[in-house]
Peer 1: 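Sharing a structure here in structure tokens format.
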Amino acid sequence: MATITSLKGNHIWPRIAMHRRTNFVGKPAALVFGKRPIQARVKLHLDVSTVVSLNVDHQDEVVRPKTNFAPCMWGDTFSYCTILLDNQVIEENIEEIKTLKEEVWHMIMSSEKDIIEKMSLIDTLERLGISYHFEEEIEDQLSNMFDLNVIHEEDDLYNVALYFRLFRQHGYPISSDHFNQFKDNNGKFKEALLTDAKGLLSLYEAAYVRKHGDDILDEALIFAKSHLERITPILESTLEKQVTHALMQPLHKGLPRIEAHFNISIYEERGSRNDKLLRFAKLDYNLLQLLHKKELSELTLWWKDLKLVSELPYIRDRIVECFLCAIGVYFEPQYSQARIMLTKCIVMLSVLDDTYDSYGTLDELLLFTEAVERWDLSEIDRLPSYMKTIYTTLLNLFKDYDIEVKELNTFNGVCYVKEAMKETVRSYYTEAKWFIKGNVPLFEEYLNNALITGAFYLLVPASLLGMRSTSKASFDWILNKPKILLASAIVGRVVDDIASYKVEKERGQLVTGIECYMKEHNLSIEEVNEKLFKLVENAWKALNKELIKPTSMSAEVQMRIVNFTRIPDVVYKNNQDGYSDPKYNLKPLVESLLVHPIHM
């Protein structure tokens, strides 16, 4: 066994062993649960040429859809944690990271560095994915520089935008008025900025942390994006890669671990790079990857032992993709147990999602909903045979949660998560009734229910279960659905709805957010999309506002919500459902995060 020290405070790295409803509208989790096969029960709207075909269950003569989801593409890749490095190499890497960490600490604290050097260093540490080692030091530095009002003395676009973004991302109430200096007498951004590609890129990234009232950043985003798109082909190689990536995935909306992988490769190309920083980032990335692979191995064996895939052939086999989402929520070593617990909750929701969307009859779903509400094993006798397995698995999962949380000796929030699960299942049933009966609700009614089936209201409190620093106040705050969580849920739900509409429409799905909005307001699909894109944009602004200090909750808890909000932007990239069909959006990410180490 090799113990990996996190090098962050007193945290210790866990040991690495060396031996449907179409996706929306009342669809289950917007987080990862995308396009669904249409229920065969609505026979007039079933397109059997797509993802479903009819399958008669001769035991009870119930006509059910036969799903045709892509199978798990990973085979036994993660079933057993095979680590090629021996213990001695791992221990040597750990010691080298300790040494490099100390050197970087001195770089951060150095009084010889000027303001731009310090801010650039903080930005580099965050982009390379190693800032978690220096959270307190970075916070102290930013606090001091904010108090000194360093941005007031800057007139360089790149620097002003960098300062602004970093201060905003860390919750400081910095004003967007600092960008007024880059406008001409006509209120337009100055023509001279068009030749400053790095400045435009910095402005573009800064615009994504805007809140309501930052009108100048609305203008800045349009200005910077249009000109970056125009000049990208003529930029030098490294900058061209940065701009192309940013236009596809803005930094503020990207998942930290995925962005770290990209930025390490970019940093390596820079002639002005610090080789010690680069080596630190690579070693840390690969060491974390080993930990994540060990966790996924444990989860894969747990998932196989449940045998749900063989007993419930209609469900999607996505334990790897669920774990990827958990890494998106928190990748740091101190959250190892939390990642495992959250992944189990996500995959359990996926099973419930597919059951309500793709298999159960309305009568069966009512029985299951009532059983979950009562939360008693004696209810199992009322359920059809296939549901007994699901119900038992669900109750056992929460029993395990209760044991694990007690062993952590922290606040036990399992009862909170259980109530959130009941609420989610009730909303799944409401959605099922709409779909099966062909009822199209008003958009507001649809959205209120869909925000629950989007699952953020359940998964956010579930993400706290394995966190040692959690408290009763954290769970109370989340279950009261604060503004930041509402904004997050809106982003997840609506991004899903926009991305999945075309396929849902082809399959005959009538109960989607877009269909509800079109019917209610008599608008075209283009007009509705414009309205929904604006809804997403406004939700991001509301979320950004809630991050500005003073806040009612710790940054640690708030960051879980921010990261949940980022996941749909990655999973549904290019309007593709990366959960149901992972080969395009998620497969490359799994390979880079969990299969291939970074070359040293």
Side-chain angles (χ1 to χ4, degrees), residues 26 28-31 171 173 211-212 325-326 329-330 335 338 341-342 345-346 348-349 352 369 372-373 375 398 401-402 405 408 410-431 443-496 535-536 538-568:
L31 170 62
K211 59 179 178 59
H212 289 291
C325 291
V329 176
Y330 28 34
Y335 299 120
M341 296 172 74
L342 176 60
C345 189
I346 297 173
M348 188 73 241
L349 266 178
L352 295 175
T369 303
V372 171
E373 194 67 35
W375 206 274
F398 276 76
Y401 281 165
D402 197 53
V405 172
L408 286 173
T410 187
F411 176 75
N412 192 334
V414 173
C415 61
Y416 289 79
V417 182
K418 185 186 298 182
E419 291 306 310
M421 176 65 79
K422 292 179 181 180
E423 178 187 44
T424 303
V425 168
R426 289 194 298 270
S427 292
Y428 279 0
Y429 180 68
T430 296
E431 179 184 282
F443 181 76
E444 182 178 359
E445 182 183 7
Y446 148 72
L447 187 60
N448 286 336
N449 190 74
L451 292 179
I452 299 172
T453 58
F456 281 17
Y457 292 160
L458 165 61
L459 294 177
V460 171
S463 72
L464 303 186
L465 288 179
M467 291 171 53
R468 295 179 183 274
S469 58
T470 193
S471 65
K472 183 179 186 299
S474 301
F475 283 98
D476 286 336
W477 179 74
I478 286 175
L479 264 70
N480 283 326
K481 298 182 174 67
K483 292 179 181 179
I484 188 174
L485 181 55
L486 173 60
S488 176
I490 290 173
V491 171
R493 185 74 284 172
V494 178
V495 167
D496 179 348
L535 183 59
V536 171
N538 287 336
W540 267 108
K541 290 180 179 180
L543 181 146
N544 290 334
K545 179 180 183 298
E546 294 303 307
L547 294 173
I548 296 176
K549 302 172 184 178
T551 62
S552 56
M553 185 46 58
S554 69
E556 182 183 26
V557 172
Q558 287 187 319
M559 192 49 57
R560 307 288 75 79
I561 297 176
V562 173
N563 284 339
F564 268 113
T565 315
R566 291 164 167 162
I567 291 174

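For the single chain, residues carry numbers from 1 onward in sequence order.
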Peer 1: Run the side-chain contact (heavy atoms from CB on, under 4.5 Å) test on Ile452 and Glu423 for me, step by step, so that the C-alpha distance in whole Å, both residues' side-chain angles and the decisive distance to 0.1 Å come before the verdict.
Peer 2: CA-CA 7 Å; Ile452 299 172; Glu423 178 187 44; 3.7 Å; yes
Peer 1: Among all residues two or more places apart in sequence or in another chain, which pass the salt bridge (charged side-chain N to carboxylate O under 4.0 Å, His left out) test with Glu556?
Peer 2: none
Peer 1: Output yes when a side-chain donor or acceptor of Thr430 lies under 3.5 Å from a complementary backbone atom of Arg426, and no otherwise.
Peer 2: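 Present.
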Peer 1: Hey, what's the ring geometry for Trp375 with Phe398, parallel, tilted or perpendicular (30° and 60° as the breaks)?
Peer 2: perpendicular
Peer 1: Taking only Lys NZ, Arg NE, NH1 and NH2, and the carboxylate oxygens of Asp or Glu, determine whether Glu419 and Lys422 approach each other closer than 4.0 Å.
Peer 2: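 Between Lys422 and Glu419 there is a salt bridge, with a charged N closer than 4.0 Å to a carboxylate O.
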Peer 1: Side chains of Asn448 and Glu444: does their closest heavy-atom pair fall under 4.5 Å?
Peer 2: yes
Peer 1: Using a 3.5 Å distance criterion without hydrogens, assess whether the side chain of Thr410 forms a donor-acceptor pair with backbone atoms of Arg468.
Peer 2: yes
Peer 1: Between atom CZ of Arg566 and atom CE of Met559, what is the distance when rounded to the nearest 0.5 Å?
Peer 2: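 Interatomic distance, Arg566 CZ to Met559 CE, rounded to 0.5 Å: 6.0 Å.
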Peer 1: Closest approach of Phe456 and Pro568, non-hydrogen atoms and distance?
Peer 2: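 So the minimum-distance heavy-atom pair works out to CZ-CG, 4.1 Å.
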Peer 1: Could you grab the distance from atom SG of Cys345 to atom CE of Met421, nearest 0.5 Å is fine?
Peer 2: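 Spacing of SG (Cys345) from CE (Met421) equals 4.5 Å.
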Peer 1: Looking at side-chain heavy atoms only, is the closest gap between Tyr457 and Ile478 below 4.5 Å?
Peer 2: no
Peer 1: Hey, does the side chain of Asn480 reach the backbone of Pro482 with a donor-acceptor pair shorter than 3.5 angstrom?
Peer 2: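 Checking the backbone N and O of Pro482 against the side chain of Asn480, no donor-acceptor pair under 3.5 Å is found.
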Peer 1: Would you sort out whether Tyr416 and Asp476 count as a side-chain contact (heavy atoms from CB on, under 4.5 Å), showing the intermediate values?
Peer 2: CA-CA 8 Å; Tyr416 289 79; Asp476 286 336; 2.7 Å; yes
Peer 1: Going through the checks in order, is the side-chain contact (heavy atoms from CB on, under 4.5 Å) test met by Trp477 and Val557?
Peer 2: CA-CA 10 Å; Trp477 179 74; Val557 172; 3.9 Å; yes
Peer 1: Treating Tyr401 as the side-chain partner and Met341 as the backbone partner, does any N or O pair qualify as donor plus acceptor under 3.5 Å?
Peer 2: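 Yes; judged by distance alone, with no hydrogens or angles, the pair exists.
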Peer 1: Out of curiosity, Glu546 CD to Leu485 CG, how far, rounded to the nearest 0.5 Å?
Peer 2: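 Reported value, rounded in 0.5 Å steps: 11.0 Å.
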Peer 1: Distance from Ile567 atom CD1 to Cys325 atom SG, nearest 0.5 Å?
Peer 2: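 If we round to the nearest 0.5 Å, Ile567:CD1 and Cys325:SG are 4.5 Å apart.
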Peer 1: Angle between ring planes, Phe443 versus Tyr446, binned at 30° and 60°: parallel, tilted or perpendicular?
Peer 2: tilted
Peer 1: Are a donor atom and an acceptor atom from the side chains of Ser427 and Thr424 found within less than 3.5 Å of each other?
Peer 2: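 No pair is found: no donor N or O on one side chain lies under 3.5 Å from an acceptor on the other.
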Peer 1: Any chance you could measure Ser488, atom OG, to Lys483, atom NZ, to the nearest 0.5 Å?
Peer 2: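 It comes to 16.0 Å.
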Peer 1: I'd like a table of donor-acceptor pairs (distance under 3.5 Å, sequence neighbours excluded) in which one partner is a side-chain atom from residues 538-545, with atom names and distances.
Peer 2:
unit_1, atom_1, unit_2, atom_2, d
Asn538, ND2, Lys534, O, 3.3
Lys541, NZ, Asp218, OD1, 3.1
Lys541, NZ, Asp218, OD2, 3.1
Asn544, OD1, His252, NE2, 2.9
Asn544, ND2, Tyr208, O, 3.1
Asn544, ND2, Arg210, O, 2.9
Asn544, ND2, Trp540, O, 3.2

Peer 1: Find the distance between CG (Leu465) and CG (Leu408) and round it off to the nearest 0.5 Å.
Peer 2: 9.5 Å
Peer 1: For the side chain of Arg560 and the backbone of Val329, is there at least one donor-acceptor N/O pair under 3.5 Å apart?
Peer 2: yes
Peer 1: I'd like to know if Lys418 and Glu373 make a salt bridge, using a cut-off of under 4.0 Å between side-chain N and carboxylate O.
Peer 2: no
Peer 1: Out of Leu458, Thr453, Val425, which residue meets the side-chain contact (heavy atoms from CB on, under 4.5 Å) rule with Leu349?
Peer 2: Leu458
Peer 1: Is there a donor-acceptor pair under 3.5 Å between the side chain of Ser474 and the backbone N or O of Thr470?
Peer 2: no
Peer 1: Quick one: does Tyr330's side chain have a donor or acceptor within less than 3.5 Å of a partner on Ser463's backbone?
Peer 2: yes
